[in-house]
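Structure, as C-alpha cells:
What's counted below: heavy atoms across the whole structure, side chains too, no hydrogens, waters or symmetry copies. Just so you know, ligand 1 is whichever comes first in the structure, and atom 1 is the first atom listed for that ligand.
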Amino acid sequence: MNIGIIGCGNISPTYFNSYKLYNNFKVIACADIKEDVAKKSASEFNVTFQTIDDLLTNTDIDIVLNLTIPSAHKEIILKTLESGKHSFSEKPLAMNFEEGKKIYQLAKEKNLYVGCAPDTFLGAAGQKAREIIDSQKIGNIVLGTFNLMSHGMEHWHPNPDFFFKSGAGPIFDVGVYYITQLVNLLGSVESIISVSGTASEERIITSEPRKGEKIIVETPTTLLGVLNFVNKTKVQLFASWDVWKHQHTAIELYGLDGSMVIPDPNYFGGKLKISAKDSDWELIDINNMALGVPNKEDGDGLVANYRGIGLADMVNSIKERKKARCSIDLALHVLEIMEGILISSEKSSIYKMTTSCEKPEYLSEEEVKNLRTN
Ligand SMILES: NC(=O)c1ccc[n+]([C@@H]2O[C@H](COP(=O)([O-])OP(=O)(O)OC[C@H]3O[C@@H](n4cnc5c(N)ncnc54)[C@H](O)[C@@H]3O)[C@@H](O)[C@H]2O)c1
C-alpha cells in the first residue's frame with residue numbers, strides 16, 4: 001500500500017526508512033505545515049513533496065501516516081478519514097478522550113482503519129512476555145509495578161515545548177508505551193487512582209537550537225498511582241520527569257508462581273527475566289527473535305528498534321479485513337487510561353473506565369517474518 005506522511009519532524013526519518021524493514025508498504029509523498037521542512041524530507045528520502053490538501057486528495061495514497069505533534073493529531077486524523085483514507089498515527093491518538101471518541105466514531109462511520117503507535121509491544125520482549133504469561137509459567141498475574149523516571153525532554157529535543165503542555169507530560173508522552181504494553185499483557189483496566197505533582201513550573205531548554213529559552217509547564221510532571229485491571233491485577237505506577245537518577249526497573253509483574261521483569265517498552269528488545277517462585281532470575285533469550293535483534297545505535301549501544309511493525313500489520317489487516325493489532329479500540333482504551341490517571345489526581349477520586357478492549361492478538365515469529373524484507 002502507498003503511504004503519505006504528514007509531519008516531517010524528529011521521528012519522521014524512522015518511518016521514511018521503514019521500507020527497509022517491512023515489505024508491504026511504501027512511502028510515496030510527504031507534507032508538513034512548514035512546507036520547507038516537507039520539501040527537504042521529500043528530497044532526502046526521494047518521495048514527492050505535496051501540500052497537506054494535495055496529499056489528502058492524492059488518489060494513489062491508501063494510508064496517511066500522521067507524524068505531527070499531539071495537538072494536531074485529531075485534526076489530521078479526521079481530515080484523513082474525511083478524504084476516504086485509512087490513518088495510522090504516532091501516539092497519543094489525541095489530546096484527550098473526547099477527541100479520541102470523535103475519531104473512533106468517524107472511523108466506524110466511514111468503515112476505515114485508524115491505527116496508532118506505540119507498536120513496540122509487538123517487539124520481542126512484549127510478545128515473549130505475552131507467551132510466558134498466557135502459558136501460565138508464572139501463574140496468574142496478581143500485582144505489578146511500572147516506573148518511568150527521568151529529568152524530562154528539554155535536554156535533547158530541538159522543539160521540546162509540547163512535552164510540557166496538555167496532551168503530553170510523562171504519562172501521555174512516555175507512559176503510553178508502558179500502559180499499552182500492560183494492556184497487551186493483562187487486558188483492560190477497570191479503575192484508576194492517582195496523585196500528581198509539578199516540581200518546577202518552568203523549564204529551561206538546554207538543547208540546540210533554542211538553548212536558554214523558557215518553557216512554562218502546563219501539565220503535571222509527576223504522577224503516582226495504581227491501575228486496577230479487569231482481571232484484578234493491581235499495578236503501581238510512578239511516572240515522572242522530576243527525577244535525575246533512579247534504580248527501579250521498567251516493568252515488573254508478580255504471578256502466583258513467580259515474577260517477571262520486562263524491559264523498557266520504548267524498545268522492542270532488552271533484558272526479559274523470570275523467576276520461578278523465589279528461585280534465581282533466569283534471563284530469557286530474545287535477542288535472536290525477529291523483532292529482538294539489536295539494530296540501532298542509541299547512545300549506550302545497540303538497541304532493537306523496529307518501529308513500523310504496527311503499520312505493516314495494519315496494511316495486512318486491511319487486506320485480510322481483520323482487526324489490526326494497533327487498533328483504534330486499543331488506542332482509545334489507552335487514551336482513556338491516560339486521561340483517567342490525570343482526572344483521578346485532579347479530583348482525588350477513583351476514575352472508573354468506560355471503555356475496554358480485547359488483548360491484541362499474539363504476533364507469531366512466522367507472521368513477523370512474512371512482513372519483513374529480507
Ligand atoms: N521524537 C521522537 O523520538 C518520538 C518518538 C516516538 C513518538 N513520537 C511522536 O511522534 C510525533 C511527532 O513527534 P516529533 O518529535 O517528530 O515532533 P516534531 O515537532 O519534531 O515534528 C512534528 C512535525 O509536524 C509538523 N506539524 C505540526 N502541526 C502540523 C499540522 N497541523 N499539520 C501538518 N504538520 C504539522 C511540524 O511542522 C513538525 O515538522 C508526536 O506525536 C510524538 O509523540 C516522537
Side-chain angles (χ1 to χ4, degrees), residues 4-18 29-42 44-45 49-56 64-80 83 87-96 99-100 103 114-121 123 148 150 152-180 205 207-210 215 219 241 264-268 296-299 303 305-311 326 331 334-335 338:
I5 288 182
I6 301 185
C8 303
N10 197 276
I11 193 67
S12 66
T14 304
Y15 285 96
F16 277 114
N17 284 320
S18 56
C30 69
D32 195 290
I33 203 166
K34 296 180 185 154
E35 294 193 355
D36 55 322
V37 169
K39 280 181 185 156
K40 192 160 168 266
S41 293
E44 187 178 344
F45 297 103
F49 158 77
Q50 294 203 285
T51 63
I52 295 168
D53 287 345
D54 287 350
L55 189 145
L56 287 169
V64 173
L65 180 53
N66 173 24
L67 306 180
T68 61
I69 52 174
S71 58
H73 285 185
K74 177 190 138 202
E75 178 202 333
I76 297 296
I77 299 172
L78 291 181
K79 278 187 177 166
T80 301
S83 66
S87 162
F88 194 94
S89 180
E90 249 306 337
K91 50 78 188 170
L93 177 65
M95 296 278 282
N96 54 53
E99 289 188 358
I103 293 170
V114 173
C116 189
D119 59 3
T120 44
F121 74 93
L148 69 96
S150 75
M153 319 304 256
E154 69 276 33
H155 317 296
W156 68 275
H157 198 280
N159 229 355
D161 309 62
F162 77 84
F163 290 114
F164 300 96
K165 308 293 176 192
S166 168
I171 283 290
F172 271 73
D173 187 66
V174 195
V176 65
Y177 293 98
Y178 292 68
I179 294 165
T180 307
I205 302 177
S207 59
E208 296 294 350
R210 296 178 50 209
I215 301 172
T219 192
W241 285 340
D264 186 344
N266 208 339
Y267 300 103
F268 285 72
K296 291 263 158 68
E297 190 56 49
D298 187 50
V303 294
N305 185 346
Y306 293 92
R307 279 183 163 83
I309 180 66
L311 177 58
C326 292
V334 169
L335 184 63
M338 296 193 291

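Looking at every heavy atom in both residues, Cys326 comes nearest to Phe121 through SG-CE2, 3.9 Å. Looking at every heavy atom in both residues, Lys91 comes nearest to Cys116 through CA-SG, 4.1 Å. Here the closest heavy-atom approach between residue Phe172 and residue Leu335 is recorded as CE2-CD1, 3.6 Å. Heavy-atom minimum distance, Ile103 versus Ala94: CD1-CB, 4.1 Å.
If you number the atoms of ligand 1 from 1 as listed, the ones under 4.0 Å from a heavy atom of His73 come out as 41 (O).
Trp156 counts as a contact of ligand 1, since one of its heavy atoms falls under 4.0 Å from the ligand. Residue Ser12 places no heavy atom under 4.0 Å from ligand 1. Heavy-atom distances between Tyr15 and ligand 1 stay at or above 4.0 Å for every pair.
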| said: Between Leu55 and Thr51, is the side chain to side chain contact (heavy atoms under 4.5 Å, CB included) condition met? List the steps. | reply: CA-CA 6 Å; Leu55 189 145; Thr51 63; over 6 Å; no
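Relative to atom 41 (O) of ligand 1, the option among Lys91, Lys34, His157 with the closest non-hydrogen atom is Lys91. The closest non-hydrogen atom to atom 40 (C) of ligand 1, taken over Ile11, Thr68, Leu67, Asn66, comes from Thr68.
Closest to atom 32 (N) of ligand 1, if we only count protein heavy atoms, is Ile52 CD1, 3.6 Å. At the top of the distance list for atom 38 (C) of ligand 1, counting protein heavy atoms only, stands Asp32 OD2, 3.5 Å.
When heavy-atom distances to ligand 1 are checked against a 4.0 Å cut-off, Phe163 has no atom that comes that close, whether in backbone or side chain.
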